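The block underneath contains the structure these notes are about, expressed in structure tokens.
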Amino acid sequence: MCLDVGETLIDETRVWMCWAEILEITPFTFMAAMGAVLARGGDFRDVFAFLGRPEWEQLRPDVATRYGGFQESDLYPDVKPALDALRGAGYRLAIVANQPPERTEELRFLGVRADVMAMSGELGVHKPAPQFFVAALQLMGDPAPGSVAYVGDRLDNDIGPAAAAGMRPIWIRRGPWAVITTEVPPSGTLVIDSLDELVERLNEAWS
Ligand SMILES: [Mg+2]
């Protein structure tokens, strides 16, 4: 079982609140702008052009300082119980996602345990590139792709490319990318609304 991080394990609200604060606009306005951009099929980077803030890249260090990395309160509350339940059911766990390299240690520090953990910033390849999923399988010791489920919140970054890689796609519908989409997942995708539900419906991922 391979899991994404943002909006799968981690509620990213706080990092976007930090962006709103650094940009000196209200969180309500920033989040609404993000929603408008996502609804148009844009990438999160497009929100800065939408807001007329092309200099945003220069603000990254300020945001990183204010954010301070993942905290316990950023973890969705179902994460640790679900990972324990999956481990108890005999699954090997991998956490491989689009994140800066330091997030691996931050997750470990928060007590998130997995057999394999690596971020795109360490791998040098990121989703939705097919090579990302090849790299993830290699880290897991090259199991048959069909024996691995990939759990993620984004159809474009997680579910589509994981299915194309031959993995079992599990779409967790939380976070803005899962809510603001008119796309439908590929057939055979298990659709869940929480990791608790994943544990309850695990057998369906393989049927
Ligand atoms: Mg995500």
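The structure presented is a predicted model; accordingly, all values stated were derived computationally and were not measured.
- For the residue pair Ala20 and Phe30, the shortest heavy atom distance occurs at CB-CB, 3.7 Å.
- Heavy-atom minimum distance, Gln99 versus Met119: O-CB, 3.3 Å.
- A salt bridge links Lys80 with Glu72; the closest basic N to acidic carboxylate O contact falls under 4.0 Å.
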Please tabulate, for the side chains in residues 158-166, all donor-acceptor contacts under 3.5 angstrom to protein atoms that are two or more places apart in sequence or on a different chain.
unit_1 : atom_1 : unit_2 : atom_2 : d
Asp158 : OD1    : Lys127 : NZ     : 2.6
Asp158 : OD2    : Asp153 : N      : 3.1
Asp158 : OD2    : Arg154 : N      : 2.8

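- Residues Trp206 and Ile170 share a single hydrophobic cluster, defined by chaining ILVMFWY side chains whose heavy atoms lie under 4.5 Å apart.
- Connection of Leu139 to Met117 is not established within any shared hydrophobic cluster, with ILVMFWY side chains joined at heavy-atom distances below 4.5 Å, either directly or through further cluster members.
- Classification of Asp196 and Arg201 as a salt-bridged pair fails, no side-chain N sitting under 4.0 Å from a carboxylate O.
- Checked for salt-bridge contact, Arg53 and Glu55 meet the test: a charged N lies under 4.0 Å from a carboxylate O.
- The two atoms that bring Ala178 and Ile172 nearest to each other are CB-O, 3.9 Å, heavy atoms only.
- A donor-acceptor distance shorter than 3.5 angstrom exists from the side chain of Ser147 to the backbone of Ala144, with no hydrogens or angles considered.
- The main-chain N or O of Leu195 is found under 3.5 Å from a side-chain atom of Asp78 such that the two form a donor-acceptor pair.
- Between atom CG of residue Leu9 and atom CD of residue Glu12 there is a gap of 10.0 Å, rounded to the nearest 0.5 Å.
- Between the side chains of Glu122 and Thr104, a donor-acceptor pair is found at a separation under 3.5 Å.
- With hydrogens and angles ignored, the 3.5 Å screen pairs a side-chain donor or acceptor of Thr65 with a backbone N or O of Pro61.
- In this structure, the side chain of Asp115 engages the main chain of Leu93 through a donor-acceptor pair within 3.5 Å.
- Counting only distance, with no hydrogens or angles, the side chain of Arg14 and the backbone of Tyr67 share a donor-acceptor pair below 3.5 Å.
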| said: Quick one, Leu83 with Arg113, criterion side chain to side chain contact (heavy atoms under 4.5 Å, CB included). Give me CA distance, side-chain angles, the key distance, then yes/no. | reply: CA-CA 8 Å; Leu83 295 184; Arg113 293 191 296 124; over 6 Å; no

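- The cationic group of Arg168 does not satisfy the cation-pi geometry with Tyr150, failing either the under 6.0 Å distance to the six-membered ring centre or the 45° limit from the ring axis.
- Residues Met167 and Leu123 fall within the same hydrophobic cluster, defined by Ile, Leu, Val, Met, Phe, Trp and Tyr side chains chained together at heavy-atom separations under 4.5 Å.
- Contact of the Phe70 side chain with the Leu110 side chain is registered, since non-hydrogen atoms from C-beta on lie closer than 4.5 Å.
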Name the atoms and distances for all side-chain donor-acceptor pairs under 3.5 Å in residues 36-49, with sequence neighbours left out.
unit_1 : atom_1 : unit_2 : atom_2 : d
Asp43  : OD1    : Arg45  : NH1    : 3.3
Asp43  : OD2    : Arg45  : N      : 3.0
Asp43  : OD2    : Arg45  : NH1    : 2.6
Asp46  : OD2    : Asp43  : N      : 2.7

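- In terms of heavy atoms, Thr8 sits closest to Gly152 at OG1-CA, 3.5 Å.
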